[in-house]
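The structure under discussion appears below in the form of structure tokens.
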Amino acid sequence: MTIYELIGKLELSLKNKGCTDTPITGCYASDMLSDVLANGKEGNLWITRQTHPNIAAVAAIKGLSGIIVTGNKDIDPETLEKAESEGIVILSTGLQTCETAGIVYNLFLTDKGGGKA
Amino acid sequence: MGAGKSDYFPLKGGDFSDAGVGSKCLRSELAEMGVPGETIRRAAICAFEAEINVIIHAVAGSLNYRIEGDEIKITVTDMGPGIEDIGLAMKEGYTTAPDWAREFGWGSGMGLPNIKKNADALQIDSVPGEGTTLEIIINLRADGQK
Ligand SMILES: Nc1ncnc2c1ncn2[C@@H]1O[C@H](COP(=O)(O)OP(=O)(O)OP(=O)(O)O)[C@@H](O)[C@H]1O
Ligand SMILES: [Mg+2]
């Protein structure tokens with residue numbers, strides 16, 4: 001599944017320019033940045049309520065495929081710019097983290113025919 | 001690989017605007033040298049966690065890196081407050097991060113353990129009331145693994 005395909009399946013708005021056709025390798029939900037630096041995997045989609053420019057650096061260092069900011073939070077324009085310069089796509093949803101993660105996880109299961117997200 | 005590249009970046013306590021500047025330059029430099037992605041990732045995690053620690057726990061400091069021979073040496077030093085008990089600080093989950101830093105998603109007590117896990121060698125020297133210095137070594141190996 002790619003980010004482009006995900007946008008069609010979940011109510012997500014694209015907040016910056018970036019590559020939406022990289023395959024997503026799974027998702028990781030966390031609001032703690034050192035936790036993502038430790039446990040996020042390359043190509044993962046990161047689900048979080050954090051909006052600070054630091055999230056762009058974390059995603060870039062870990063080679064994540066993109067970030068979904070939940071709860072309709074306002075995102076610092078600097079975060080969007082930084083992410084764009086690193087090729088990281090930022091998406092926004094009105095859903096909360098738990099619902100978002102549940103939906104994305106289930107999409108993975110169907111997409112992979114029962115494989116793990 | 002060993003032209004010997006180095007750079008220096010100042011860091012100020014409480015000021016996130018310089019966060020990630022040094023680690024980003026290091027990433028670009030290593031990518032340009034054709035260093036394996038896994039090595040770049042390990043070096044960047046160490047540099048970024050150390051930069052953030054100066055910003056959230058210290059008054060001011062700096063990050064310096066040097067790429068020479070078969071290693072990357074990252075030195076992050078600050079002017080205090082220092083660490084009383086380094087053994088305790090290294091324990092996963094131990095944190096004294098202030099509320100303002102937690103709001104931005106820092107303070108899980110995982111930064112120093114992350115550095116330890118990703119570095120080939122880590123030396124921490126700290127004098128309470130004076131400051132802390134981290135010396136991080138990442139070996140340049142063809143397979144990028146630790
Ligand atoms: N440069 C420093 N100066 C003073 N104290 C420090 C410094 N770096 C770390 N510490 C102390 O060590 C503790 C553990 O650091 P560590 O990086 O593991 O976790 P954290 O910074 O609190 O949270 P996280 O890194 O998960 O965001 C800190 O809470 C702080 O008490
Ligand atoms: Mg830390």
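Convention: sequence-line order gives letters A, B, ...; per-chain numbering from 1.
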| So with a 6.0 Å cut-off around NZ of K117(B), is the heavy-atom count from everything else above 12? | yes
| said: Hydrophobic clusters here meaning ILVMFWY residues chained together by side-chain heavy-atom distances under 4.5 Å, can you tell me if L12(A) and M1(A) are in one? | reply: yes
| remark: In this structure, CD1 of I61(A) is separated from CZ of R42(B) (nearest 0.5 Å) by 14.0 Å
| query | Which bit of K62(A) is near chain B, if near means a heavy-atom gap under 4.5 Å: side chain, backbone, both or neither? | reply | both
| Is atom NZ of K17(A) surrounded by more than 12 heavy atoms (other residues, nucleotides or ligands) closer than 6.0 Å? | no
| query | Should we count CD of Q145(B) as having more than 12 external heavy atoms under 6.0 Å? | reply | yes
| Neighbour count >12 (heavy atoms, 6.0 Å) for atom CD, E11(A) | no
| said: Let me confirm one number: the CG-OG distance from D31(A) to S108(B), rounded to the nearest 0.5 Å. | reply: 11.0 Å
| Can you tell me if N54(A) uses its side chain to pair, donor with acceptor, with the backbone of F104(B) under 3.5 Å? | no
| request: Indicate yes or no: at least one non-hydrogen side-chain atom of E42(A) is less than 4.5 angstrom from one of R41(B). | output: yes
| said: Could you measure the distance from the CG atom of L112(B) to the OG atom of S34(A)? Nearest 0.5 Å is fine. | reply: 9.0 Å
| Given side chains that start at C-beta, do those of E49(B) and L33(A) come closer than 4.5 Å, heavy atoms only? | no
| field | Cluster link V54(B) to Y94(B), ILVMFWY, side chain under 4.5 Å | value | no
| field | Side-chain heavy atoms of R102(B) within contact of M32(A), under 4.5 Å | value | no
| task | Step through the shown structure and confirm whether more than 12 heavy atoms of other residues, nucleotides or ligands are within 6.0 Å of CG on D143(B). | result | yes
| task | Answer yes or no: are there more than 12 heavy-atom neighbours, outside K73(A) itself, under 6.0 Å from its atom NZ? | result | yes
| request: Check whether E78(A) gets within reach of chain B through its side chain, its backbone, both or neither, counting any heavy atom under 4.5 Å. | output: neither
| message | Less than 4.5 Å apart, side chain to side chain, heavy atoms only: is that true for M110(B) and L37(A)? | response | no
| task | Would you mind checking which part of A60(A) comes under 4.5 Å of any heavy atom in chain B, side chain (CB onward), backbone (N, CA, C, O), both or neither? | result | both
| Working for side chain to side chain contact (heavy atoms under 4.5 Å, CB included), residues K24(B) and S85(A) | CA-CA 12 Å; K24(B) 187 175 178 181; S85(A) 75; 3.9 Å; yes
| note | If one checks every heavy atom of I52(B) against chain A at 4.5 Å, the contacting part turns out to be side chain
| message | Do V76(B) and L122(B) land in one hydrophobic cluster if side-chain heavy atoms of ILVMFWY residues count as linked below 4.5 Å? | response | yes
| Can you check whether F16(B) reaches P53(A) side chain to side chain, under 4.5 Å on heavy atoms? | no
